[in-house]
Amino acid sequence: MEIKIYKDKNEVAEQFSAYFVEKAGEHEAFHVALSGGSTPKIVFDVLAQNFADKVDWTKVHFYWGDERCVPPTDDESNYKMTVEHLFSKIDLPHENINRILGEKDPEGEAMRYANLLEIDLDRVGEVPQFDLVILGMGDDGHTASIFPHQIELWDAADHCVVATHPDSGQKRVSINGKVINTAKEVAFLVTGASKAEKVEAIIEKTEGSEVYPASLVNPKSGKLVWFLDEEAAVQLNQN
Ligand code: 6PG
């Protein structure tokens with residue numbers, strides 16, 4: 001596990017974008033799972049504005065680690081956010097975008113998307129392997145759309161599951177822990193003071209932190225890199 005700490009959200013976005021460009025350049029076909037959330041939104045802006053001409057987008061195949069079960073025009077949609085902040089600003093072939101279509105039949109879509117991943121991606125055993133999975137972390141320690149109240153979904157047999165947001169009850173389709181932990185690289189993008197307590201608990205593996213799904217991110221053979229700003233890292237043991 002590598003922990004990178006930067007001054008603020010913008011520096012996290014700049015540094016992660018440079019990392020993304022480097023990783024994309026290592027692959028003839030780069031399969032990446034995107035995340036929703038406020039930090040990825042800033043990253044997409046920076047990637048589009050400052051790095052767009054440094055990537056051969058024809059080689060980048062975008063998927064999502066999770067998506068809200070809403071139409072692609074809904075402000076809650078991770079797809080909509082990504083189109084607005086990244087896809088609309090780069091020369092990306094439309095066929096390289098693999099949206100989760102959960103708005104009509106979440107359970108059916110979870111099965112379809114799992115099958116798509118198993119066909120499109122290399123596999124380790126039966127588990128589809130992303131080149132890069134980008135994750136955020138909620139204040140409650142959730143990641144992708146695996147929340148503490150449904151932590152059993154992390155080890156679900158199906159590679160994609162239907163989760164529900166603990167407050168709104170909104171349905172979401174999410175990859176499970178097996179897919180996340182099979183990735184070649186996992187990048188956690190976590191910023192802001194509200195994350196500091198969980199970041200410390202999870203990285204320092206304090207007692208009780210196992211209840212947070214984000215604490216279960218531990219790539220079997222892949223690399224885990226935390227991109228943190230100083231606020232999110234403030235409670236980490238710095239020595
Ligand atoms: C989503 C994300 C979710 C997000 C966290 C952190 O669909 O919302 O996948 O897991 O990454 O909630 O979000 P912030 O970066 O906005 O705190």
Side-chain angles (χ1 to χ4, degrees), residues 4 6 8-13 15-17 20 32-47 62-72 74-86 98-103 106 109-110 113 130 132-151 153-154 160-177 179-181 183 186-199 201-202 212-217 224-234:
K4 295 172 179 279
Y6 299 107
D8 55 23
K9 266 189 187 212
N10 290 320
E11 192 179 0
V12 165
Q15 295 295 331
F16 175 77
S17 295
F20 181 94
V32 56
L34 298 174
S35 168
S38 59
T39 307
K41 188 185 291 186
I42 292 178
V43 166
F44 297 160
D45 283 334
V46 168
L47 193 53
F62 285 106
Y63 301 78
W64 275 265
D66 66 317
E67 177 60 284
R68 294 84 180 278
C69 295
V70 295
D74 189 301
D75 286 344
E76 278 284 297
S77 163
N78 288 338
Y79 166 81
K80 180 173 186 281
M81 182 271 279
T82 313
V83 168
E84 287 171 354
H85 293 268
L86 179 60
N98 300 274
R99 183 170 81 85
I100 296 177
L101 316 169
E103 58 271 26
E109 176 58 11
Y113 207 69
F130 280 106
L132 174 64
V133 171
I134 298 171
L135 294 174
M137 184 190 74
D139 295 357
D140 61 358
H142 82 259
T143 192
S145 280
I146 311 289
F147 293 90
H149 76 296
Q150 291 179 320
I151 198 162
L153 291 178
W154 183 264
C160 288
V161 294
V162 177
T164 51
H165 190 280
D167 301 325
S168 66
Q170 181 189 68
K171 283 195 172 183
R172 300 187 172 187
V173 173
S174 178
I175 58 176
N176 74 357
V179 176
I180 291 171
N181 284 336
V186 177
F188 252 132
L189 306 182
V190 183
T191 58
S194 67
K195 315 289 183 181
E197 181 207 339
K198 299 295 189 298
V199 163
I202 289 165
Y212 308 130
S215 74
L216 303 176
V217 175
L224 170 59
V225 186
W226 288 80
F227 288 81
L228 302 170
D229 69 354
E230 287 173 358
E231 284 187 349
V234 71

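For reference, positions follow the sequence shown, starting with 1. Heavy-atom basis, side chains included; hydrogens, waters and symmetry copies ignored. All ligand and atom numbering here is 1-based and tracks the order in the structure.
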Could you identify the single nearest non-hydrogen protein atom to [atom] and state the distance to 0.1 Å?
atom: atom 1 (C) of ligand 1; value: Arg68 NH2, 3.4 Å
atom: atom 13 (O) of ligand 1; value: Gly37 CA, 3.7 Å
atom: atom 12 (O) of ligand 1; value: His142 NE2, 2.8 Å
atom: atom 4 (C) of ligand 1; value: Gly36 O, 3.8 Å

Checking the N or O distance criterion of under 3.5 Å, is ligand 1 in contact with Ser38? yes
Out of all atoms in ligand 1, which are within 4.0 Å of some heavy atom of [X]? Include the element for each.
X: Ala144; result: 3 (C), 9 (O), 10 (O)
X: Gly136; result: 11 (O)
X: Ser35; result: 2 (C), 9 (O), 11 (O)
X: Met137; result: 5 (C), 6 (C)
X: Lys195; result: 14 (P), 17 (O)

Would you say that more than 12 heavy atoms from the other residues, nucleotides or ligands in this model lie under 6.0 Å from the CD of Glu197, or not? no
Applying a 4.0 Å heavy-atom criterion (strictly less than), which segment of Asn78 is in contact with ligand 1: side chain, backbone, both, or neither? side chain
What's the shortest heavy-atom distance between Cys160 and Ala110, and which atoms? CB-O, 3.2 Å
All ring-ring contact (aromatic ring centres under 6.0 Å, His included) counterparts of Phe130, not counting sequence neighbours: Tyr63
Which residue pairs pass the salt bridge (Lys or Arg N to Asp or Glu O under 4.0 Å) test with at least one member in residues 36-46, sequence neighbours excluded? Asp45-Lys89
Test Phe147 against His142 for ring-ring contact (aromatic ring centres under 6.0 Å, His included), laying out the working first. CA-CA 5 Å; Phe147 293 90; His142 82 259; 4.3 Å; yes
